[in-house]
Amino acid sequence: ARNHVQMLNREARARAEIMLDQAVKQERLFFRREARLRRQAQNWSPDGIRRAVETLGTAQAQSRKNAALEETIVARALWAVALAARRSSN
């Protein structure tokens with residue numbers, strides 16, 4: 001069973017790498033940014049990325065509704081994403 005789980009884990013990593021390759025090619029990133037993006041993407045789980053995007057999207061919507069608190073809303077969202085990134089890399 002352990003070998004099977006390890007095989008599935010390797011397969012999932014290979015698929016994630018292929019998906020990352022496709023995403024990088026689609027974005028047409030400046031070549032110096034590509035390595036940094038790859039390192040950062042490897043630190044995040046797909047669920048973590050989804051939550052981060054959701055957090056930023058919610059903050060964007062809230063900041064558009066309340067311009068007076070725009071800076072505070074965006075700062076809190078960015079801090080939340082930064083803390084999540086730090087947790088996922090440890």
Side-chain angles (χ1 to χ4, degrees):
R2 183 176 178 205
N3 287 338
H4 183 70
V5 170
Q6 289 174 339
M7 182 188 68
L8 290 175
N9 192 20
R10 284 192 302 270
E11 179 68 23
R13 285 183 184 176
R15 286 184 182 186
E17 187 65 31
I18 290 169
M19 291 172 60
L20 180 59
D21 287 342
Q22 291 171 347
V24 168
K25 286 176 186 174
Q26 277 183 333
E27 292 300 320
R28 296 183 181 140
L29 294 173
F30 183 61
F31 74 95
R32 290 185 182 176
R33 292 185 178 178
E34 186 176 327
R36 187 174 5 156
L37 174 73
R38 287 180 181 282
R39 276 193 314 276
Q40 291 171 359
Q42 289 172 348
N43 289 333
W44 287 83
S45 68
D47 193 45
I49 292 172
R50 183 192 53 74
R51 284 192 307 266
V53 169
E54 200 172 276
T55 297
L56 295 172
T58 300
Q60 182 181 27
Q62 289 175 347
S63 68
R64 287 180 177 167
K65 290 178 185 174
N66 193 344
L69 296 176
E70 178 181 13
E71 259 185 66
T72 303
I73 293 167
V74 172
R76 284 184 181 179
L78 291 174
W79 275 111
V81 171
L83 289 172
R86 185 174 182 163
R87 283 187 209 115
S88 70
S89 67
N90 288 334

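Taken to the nearest 0.5 Å, the CZ atom of Arg51 stands 13.0 Å off from the CG atom of Leu56. With rounding to the nearest 0.5 Å, the separation of CG in Leu78 from CG in Leu83 is 11.0 Å.
Residues Thr55 and Ala80 share a closest heavy-atom pair of CG2-CB, 4.3 Å.
Within a 6.0 Å radius of CZ in Arg76, other residues, nucleotides and ligands contribute 12 heavy atoms or fewer.
Among Ile73, Val74, Leu69, the single residue meeting the side chain to side chain contact (heavy atoms under 4.5 Å, CB included) criterion with Gln62 is Ile73.
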